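Below: the structure, in structure tokens.
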There are 2 protein chains.
Amino acid sequence: MSINELFKALSDENRRKILDLLRFGDMTAGDIAKHFDISKPGISQHLSVLKNANLVYAFKKGQYVYYSLNSTVFQEVMKWIIQFNSKGEK
Amino acid sequence: MSINELFKALSDENRRKILDLLRFGDMTAGDIAKHFDISKPGISQHLSVLKNANLVYAFKKGQYVYYSLNSTVFQEVMKWIIQFNSKGEK
DNA sequence: CCTTCATTTAAGTAATTACTTAATTACTTA
DNA sequence: TAAGTAATTAAGTAATTACTTAAATGAAGG
């Protein structure tokens, strides 16, 4: 859950779009994939990057895997950003 | 100055380290390079990515080029992040 | 069980990115 | 104006990343 992993995860347009979708509620991997032109395995790989960065978590329900935003980690990024408004301390 | 360019620029560890250095004051390209193990042209390329993303700006003084943080753009990122704390509106 | 559906894993490829060294541009000063 | 320094541009390469298709896993329902 390094800050590097976090920024790397956020650096891809498709992954940010996935996060955008999840803002409105949890979704299955398949439903997420429907919003993209890329293959299901492609999406699955993006989801795994987001999961490893703790930006989302996954829970299984029957044969479906639901993905959910983990909004706590966004605060990590926020903290990093905030440094650059309060110039040159610490 | 797209949000994509911005996140791409922030996704590299060395570029984030450059931004960290600039928090404490403007620096020349050469002085920045001294803090890294990579070549000067390598740093120059990173600086150009940061400049294109509007994260820094450059001004020339004699034969030196000074780089300076452009803290206003961080607010763009901030805005993007904030969405994920206030779930599912807009 | 066997089939179907949802998802992931595996393996390969194409595109992108981060670096390198060599050459070039721009400025300064003897 | 020649020599030295700072920085960038150019061109090539190695490493990484984003995708693809095919195969494997796992749960659901006849």
Side-chain angles (χ1 to χ4, degrees), chain A residues 1-22 24-70 77, chain B residues 1-22 24-70 77:
Chain A
M1 194 190 15
S2 68
I3 195 87
N4 192 48
E5 213 174 348
L6 209 41
F7 273 110
K8 282 257 190 296
L10 292 174
S11 72
D12 182 86
E13 188 122 55
N14 286 327
R15 284 195 291 267
R16 288 199 308 277
K17 195 176 156 192
I18 291 174
L19 294 175
D20 265 330
L21 287 172
L22 291 178
F24 302 94
D26 302 348
M27 291 173 78
T28 68
D31 281 346
I32 291 169
K34 281 181 195 130
H35 289 79
F36 295 85
D37 277 341
I38 61 188
S39 68
K40 260 146 84 132
I43 293 298
S44 189
Q45 283 156 190
H46 281 311
L47 287 169
S48 132
V49 171
L50 291 172
K51 202 169 61 179
N52 288 330
N54 275 304
L55 285 160
V56 303
Y57 57 91
F59 56 95
K60 204 158 189 181
K61 202 171 195 174
Q63 64 187 321
Y64 298 94
V65 176
Y66 282 84
Y67 282 87
S68 186
L69 268 189
N70 178 15
V77 186
Chain B
M1 193 193 13
S2 68
I3 194 88
N4 192 46
E5 214 174 348
L6 207 42
F7 273 110
K8 281 258 190 293
L10 292 174
S11 71
D12 182 85
E13 187 122 55
N14 285 326
R15 284 195 291 268
R16 288 198 309 277
K17 195 176 155 192
I18 290 174
L19 295 174
D20 265 331
L21 287 171
L22 291 177
F24 302 93
D26 301 349
M27 292 173 78
T28 68
D31 281 345
I32 292 169
K34 279 178 196 135
H35 288 80
F36 295 86
D37 277 342
I38 62 188
S39 68
K40 259 146 83 132
I43 293 298
S44 191
Q45 285 158 23
H46 281 312
L47 287 169
S48 135
V49 171
L50 291 171
K51 202 169 62 180
N52 288 331
N54 275 304
L55 284 160
V56 303
Y57 58 89
F59 57 95
K60 205 160 187 176
K61 203 170 194 174
Q63 64 187 320
Y64 298 94
V65 176
Y66 282 84
Y67 282 87
S68 186
L69 268 188
N70 178 13
V77 186

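Everything numeric here is computed off the predicted structure, so don't read it as measured data. Hydrogens, waters and symmetry mates play no part in the numbers below; they use all other heavy atoms, side chains included. Every chain is numbered from 1 and lettered A, B, ... according to where its sequence line falls, protein lines coming before strand lines.
- Under 3.5 Å, the side chain of A:Gln45 and the base of C:dT7 form no donor-acceptor pair of N or O atoms.
- At whole-Å resolution of the value, CG in B:Asn14 and P in D:dA15 are 16 Å apart.
- Look at CZ on A:Phe36: it is 14 Å from C1' on D:dC19, rounded to the nearest Å.
- Nearest-nucleotide assignment on DNA chain D puts the 5′-proximal partner with B:Tyr64, out of B:Tyr64 and A:Lys8.
- B:Gly42 comes within 4.0 angstrom of a nucleotide base, judged by non-hydrogen atoms across all strands.
- Taking atom CG on A:Asp12 and atom C1' on D:dT16, their separation rounds to 13 Å, with Å as the unit.
- Side chain of B:Lys17 to backbone of B:Phe36: no donor-acceptor contact under 3.5 angstrom is found.
- For C:dT13, the paired base is D:dA18 (Watson-Crick or G-U wobble, both distances below 3.5 Å).
- One interatomic measurement links the two molecules: NZ of A:Lys40 to P of C:dT4, which rounds to 16 Å at whole-angstrom precision.
- For the pair A:His46 and D:dC19, the criterion of a side-chain N or O lying under 4.0 Å from OP1 or OP2 is met.
- Rounded to whole angstrom, the span from the CG atom of B:Leu10 across to the P atom of C:dT17 amounts to 14 Å.
- Between the C1' atom of D:dA27 and the OH atom of A:Tyr66 lies a distance of 14 Å, rounded to the nearest Å.
- Residues A:Gln63 and A:Leu47 both approach DNA chain C. Their nearest nucleotides, taken by heavy-atom distance, put A:Gln63 toward the 5′ side.
- Within the 4.0 Å cut-off from OP1 or OP2 of C:dT20, at least one side-chain nitrogen or oxygen of B:Ser39 is found.
- Of all heavy-atom pairs spanning A:Leu10 and A:Arg16, the tightest one is O-NH1, 2.8 Å.
- A:Asn70 places no side-chain N or O within donor-acceptor distance of the main-chain N or O of A:Tyr57, the cut-off being under 3.5 Å.
- Among the heavy atoms of the strands lying under 4.0 Å from B:Thr28 are primed sugar atoms or P, OP1, OP2 only; no base atom is included.
- Heavy atoms of B:Lys60 sit under 4.0 angstrom from primed sugar atoms or phosphate atoms, though from no base atom.
- If you measure from atom CZ of B:Phe7 to atom P of C:dT17, you get 16 Å, rounded to the nearest angstrom.
- In plain terms, the two heavy atoms of B:Phe59 and B:Ser68 that are nearest each other are CE2-CB, 4.2 Å.
- A donor-acceptor contact shorter than 3.5 Å links the side chain of A:Lys8 to the backbone of B:Ser11.
- Close to C:dT8, at under 4.0 Å from its OP1 or OP2, lies a side-chain N or O of A:Tyr67.
- Taking atom CD of residue A:Glu13 and atom P of nucleotide D:dT17, one finds them 18 Å apart after rounding to whole Å.
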